[in-house]
Amino acid sequence: MNDLGSIPDDTARNRTRRLLDDAAGVSEAARLIRKGSLVGFPTETVYGLGADATDATAVAGIFAAKARPSFNPLIAHVADLEAARREGVFDAAALRLAEAFWPGPLTLVLPVSPNGRVCDVARAGLPSVALRVPGNGTARDLLRQVDRPVAAPSANRSGRVSPTTADHVLADLDGRIAAVLDGGETAVGVESTVVSCLGGRVRLLRPGGITREALAERLGFDLPGSDPSPGGTALVAPGLLASHYAPRARVRLGAVAVETDETILLFGSRSPPGTDKARGRFNLSPAGDLTEAASRLFSALRHLDAIGADVIAVVPIPETGLGEAINDRLRRAAAPR
Ligand code: TXA
Ligand code: MG
């Protein structure tokens with residue numbers, strides 16, 4: 001056997017390809033999705049693990065690749081409102097939100113339209129469908145070319161930290177998916193806000209990239225739902241497991257001092273006592289800017305894991321604006337596993 005022959009063909013074929021964010025890369029990603037393969041792709045929030053949402057076998061592959069324990073419903077991504085209206089039934093509130101925030105980090109849960117094409121597996125058999133028009137140019141080019149809804153959860157192993165770069169995707173899924181389209185770092189950094197518009201009620205199911213305040217301003221009323229306290233009523237979206245977004249390290253919230261051997265996740269200019277002795281540190285935003293902090297949150301957790309943190313202590317972060325989504329992710333990262 002020669003050297004080349006000793007490398008099984010499969011090994012080469014099973015590596016995940018990294019596609020460039022150019023015309024050739026996007027059209028190859030679209031071709032792969034249309035033929036039923038799995039492709040990681042950038043959105044403005046986090047990288048998604050995309051499959052043709054009309055193809056039950058392809059969608060089932062998402063759960064296998066992520067090692068997701070149960071068939072949670074997935075978000076179907078589409079290129080524009082027109083495509084979304086073929087899949088879901090919009091009431092006045094849903095239309096108002098879509099017009100205000102799409103393309104962007106908002107997911108709407110709506111009744112399935114009679115001619116909707118998103119398969120049962122992607123909807124977990126529910127009579128509703130979660131729809132989103134992402135705000136990232138590469139994502140929308142891809143969706144236009146696929147020309148079908150694309151089901152995509154975040155492109156990480158189940159329960160782990162969501163990916164905000166193509167390297168993060170490969171760290172979790174190399175060899176398990178066909179390709180990742182490398183569009184660089186994502187801008188928003190936390191997942192989309194999930195709002196349900198079912199039965200004439202508007203409810204916030206998951207805080208995310210569009211703030212509660214922005215939704216209320218557009219709707220003209222405050223949104224009920226999502227009590228974030230531990231054991232609260234926040235877990236109304238199926239698949240919102242308590243433990244999620246978890247780094248390997250244990251996470252300790254509300255830290256006002258750094259204990260022995262801890263690492264510290266900072267926000268703003270103040271450092272709690274013991275910071276100088278911390279085993280590692282990362283400041284989400286020295287300027288105290290919640291938008292910057294959201295965009296760096298998942299990278300920070302991965303970074304502290306990579307330097308071998310046992311415990312990540314986190315200083316208190318304001319609960320306003322994007323702080324609600326940041327604190328939601330941190331609470332899940334800290335939840336018992
Ligand atoms: O920013 C994002 O939303 C990213 C990017 C890739 O678009 N996607 C994402 O997907 O975070 P995933 O699967 O991690 O989260 C989807 C959320 C889950 O909490 C799920 O329970 C909820 O949407 N969801 C999906 N379909 C639903 C439905 N029919 N009813 C209620 N909740 C639903
Ligand atoms: Mg996820």
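Annotation: side chain of R17 is in contact with side chain of L32 (closest heavy-atom distance under 4.5 Å). Looking at heavy atoms from C-beta onward, F63 lies out of side-chain contact with P153 at the 4.5 angstrom threshold. Residues D21 and D182 have side chains not in contact (no heavy-atom distance under 4.5 Å, counting atoms from C-beta outward). Using a 4.5 Å heavy-atom cutoff, the side chains of L204 and S196 are not in contact. Counting heavy atoms from C-beta outward, T320 and L290 have side chains that approach closer than 4.5 Å. The shortest side-chain heavy-atom distance between T193 and T107 does not fall under the 4.5 Å cut-off. In this structure, K66 and R176 have side chains that are not in contact, with every pair of non-hydrogen atoms separated by 4.5 Å or more. Contact check for D52 versus V146: no side-chain heavy atoms found under the 4.5 Å cut-off.
Taking the charged nitrogens against the carboxylate oxygens, R212 and E324 do have a contact shorter than 4.0 Å, which makes a salt bridge. The residues D167 and R18 are annotated as salt-bridged, a charged nitrogen and a carboxylate oxygen being separated by less than 4.0 angstrom. E44 has a carboxylate O that lies under 4.0 Å from a charged side-chain N of R132, or vice versa, which qualifies the two as a salt bridge. Residues D305 and R302 are not paired through a salt bridge, judged by the lack of any N-O separation under 4.0 Å between the basic side chain and the carboxylate. Using a cut-off of 4.0 Å between Lys/Arg side-chain N and Asp/Glu carboxylate O, R85 and E82 are scored as not salt-bridged. Between R157 and D172, no side-chain nitrogen of the basic residue sits less than 4.0 Å from a carboxylate oxygen of the acidic one, so the salt-bridge criterion is not met. Look at D120 and R123 and you find a salt bridge, because one of the NZ, NE, NH1 or NH2 atoms lies within 4.0 Å of a carboxylate O, short of that distance. Between E191 and R206, none of the side-chain N atoms (NZ, or NE/NH1/NH2) sits under 4.0 Å from a carboxylate O, so this pair counts as no salt bridge.
A donor and an acceptor atom, one from each side chain of T43 and N136, are nowhere located under 3.5 Å apart. Between the side chains of R281 and S271, no donor-acceptor pair is found at a separation under 3.5 Å.
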CA sep, side-chain torsions, deciding dist, call: T138, F41, side chain to side chain contact (heavy atoms under 4.5 Å, CB included): CA-CA 8 Å; T138 303; F41 68 97; over 6 Å; no
Worked verdict on E262 versus R279 for salt bridge (charged side-chain N to carboxylate O under 4.0 Å, His left out): CA-CA 6 Å; E262 285 186 334; R279 273 179 46 195; over 6 Å; no
Verdict with supporting geometry, I177 and V169, side chain to side chain contact (heavy atoms under 4.5 Å, CB included): CA-CA 10 Å; I177 62 177; V169 176; 4.0 Å; yes
Side chain to side chain contact (heavy atoms under 4.5 Å, CB included) assessment of H168 paired with N156: CA-CA 8 Å; H168 294 166; N156 51 280; over 6 Å; no
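A donor-acceptor pair under 3.5 Å links the side-chain atoms of R140 to the main chain of A79, judged by distance alone. Although no hydrogens or angles enter the test, the distance criterion places a donor-acceptor pair under 3.5 Å between the side chain of R96 and the main chain of R218.
For the residue pair L304 and G280, the shortest heavy atom distance occurs at CD2-C, 4.3 Å. Taking all atoms of both residues into account, the shortest heavy-atom contact from A65 to L38 is CB-CD1, 3.8 Å. Contact between P163 and A155 at its shortest, heavy atoms only, is CG-O, 3.3 Å. What you find for V46 and S162 is that their closest heavy atoms are CG1-CB, 4.0 Å. Between G175 and T16, the shortest heavy-atom contact is N-OG1, 2.8 Å. Here the closest non-hydrogen pair linking V112 and V89 is O-CG2, 3.9 Å.
For the atom pair CG (L330) and CG (L297), the distance works out to 5.0 Å, reported to the nearest 0.5 Å. With values rounded to the nearest 0.5 angstrom, L142 atom CG is found 11.5 Å from D147 atom CG. Once rounded to the nearest 0.5 Å, the distance linking CZ of F298 with OG1 of T45 reads 9.0 Å. Interatomic distance, I210 CD1 to L106 CG, rounded to the nearest 0.5 Å: 6.0 Å. Between atom CD of residue E292 and atom CG of residue N283 there is a gap of 8.0 Å, rounded to the nearest 0.5 Å. To the nearest 0.5 Å, atom OG of residue S192 and atom CG of residue L131 are 11.0 Å apart.
A tilted orientation is assigned to the rings of H303 and F282, their planes being inclined by 30° to 60°.
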